[in-house]
Amino acid sequence: MKLLNIPFKLGMQYDNWEFDLEVIQDRIQGCDSYIYIGKKVNKFLNYSTDKTELIFSLDTLEAVLITFKNSNSYFNELSEIISLKLNCFSDTLENNEVKICRFVTKTNEVWVIKNSSNLYVLISNPNYSNAIINSLL
């Protein structure tokens with residue numbers, strides 16, 4: 001996704017990344033989850049990342065989940081930067097323990113999610129977003 005400076009594009013095939021992936025427990029039923037262990041994503045929009053998870057359905061990339069550790073202050077900053085880069089509709093939900101901001105583009109959704117321990121950026125096919133978010137909360 002060029003605007004957000006990541007080398008992954010939803011719809012890409014597993015073969016593009018198979019030698020840079022490590023199998024992990026599946027996050028959602030019917031999809032395969034992998035941690036990206038390659039060198040191409042150690043920063044996202046100039047923020048250091050903890051890990052990047054790729055979620056495939058039938059060898060097609062359906063979601064990218066980028067995790068940041070100890071990043072309480074990043075939520076608002078990342079939400080603002082993504083909003084400017086994507087120039088699209090967004091909405092925010094917030095309570096004491098969870099903050100969620102959603103950006104909708106023509107082809108996918110981008111979410112910034114903060115729970116009690118981590119901050120995540122999720123780039124996802126809309127069909128998978130809710131199941132992935134529920135796994136984080």
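Worth knowing before you read on, the calculation uses all heavy atoms, side chains too, and leaves out hydrogens, waters and symmetry mates. These numbers come from a predicted model, not from an experiment. Along the sequence shown, residues are numbered consecutively beginning with 1.
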So, do Leu122 and Val64 sit near enough that their side-chain heavy atoms are less than 4.5 Å apart?
-> no
Give, for atom CG of Leu137 and atom OG of Ser135, the distance between the pair rounded to the nearest 0.5 Å.
-> 8.0 Å
Atom pair CG/CD1 of Leu86 and Ile81 - distance to nearest 0.5 Å = 11.5 Å
Output for pair (Cys31 SG, Tyr128 OH), nearest 0.5 Å, gives 4.5 Å
Any donor-acceptor N or O pair under 3.5 Å, side chains Asn118, Tyr120 = yes
Output the distance between atom SG (Cys101) and atom CH2 (Trp111), rounded to the nearest 0.5 Å.
-> 9.5 Å
Do other residues, nucleotides or ligands put more than 12 heavy atoms under 6.0 Å from Leu58 CG?
-> no
Check: Asn108/Thr105 side-chain N/O donor and acceptor closer than 3.5 Å = yes
Indicate the atoms forming the closest heavy-atom contact of Ser79 with Phe103, along with that distance.
-> O-CZ, 3.2 Å
Hey, are the side chains of Glu77 and Tyr47 touching, using non-hydrogen atoms and a 4.5 Å cut-off?
-> yes
Is there a side-chain hydrogen bond (donor to acceptor under 3.5 Å, both in side chains) between Ser124 and Glu109 once you walk through the steps?
-> CA-CA 5 Å; Ser124 176; Glu109 296 177 336; 5.7 Å; no
Report yes if the side chains of Val98 and Leu93 come closer than 4.5 Å at any heavy-atom pair, otherwise no.
-> no
Decide if the gap between the ring center of Trp17 and the ring center of Phe8 is smaller than 6.0 angstrom.
-> yes
Rounding to 0.5 Å, atoms CZ (Arg102) and CD1 (Ile133) come to a distance of 9.0 Å
Please determine, by modelled atom types, if Thr67 and Glu53 share a side-chain donor-acceptor pair under 3.5 angstrom.
-> no
Side chains of Glu22 and Tyr36: donor-acceptor distance under 3.5 Å anywhere?
-> no
Note, Phe19 side chain near Ile37 side chain (heavy atom, < 4.5 Å) = no
Closest heavy-atom contact between Val112 and Phe75?
-> O-CE1, 3.4 Å
Beyond-backbone contact of Ile82 with Leu45, side-chain heavy atoms, under 4.5 angstrom = yes
Side-chain donor or acceptor of Asn134 paired with backbone N/O of Asn130 under 3.5 Å | yes
Evaluation steps, side chain to side chain contact (heavy atoms under 4.5 Å, CB included), between Phe44 and Leu78 | CA-CA 9 Å; Phe44 175 75; Leu78 273 172; 4.1 Å; yes
Is the closest side-chain donor-acceptor distance between Glu62 and Asn125 under 3.5 Å?
-> yes
Any donor-acceptor pair under 3.5 Å linking the side chain of Asp26 with the backbone of Ser33?
-> yes
Got Ile132 and Ile55 here, is their nearest side-chain heavy-atom distance under 4.5 Å?
-> yes
Heavy-atom distance under 4.5 Å between the side chains of Phe68 and Asp50, does that happen here?
-> no
Determine whether Leu65 and Lys51 make a side-chain contact, defined as any pair of heavy atoms from C-beta on separated by less than 4.5 Å.
-> no
Nearest 0.5 Å please: distance from the CG atom of Leu54 over to the CG atom of Asp32.
-> 11.5 Å
Has the side chain of Asn115 got a donor or acceptor atom that lies under 3.5 Å from a matching backbone atom of Leu136?
-> yes
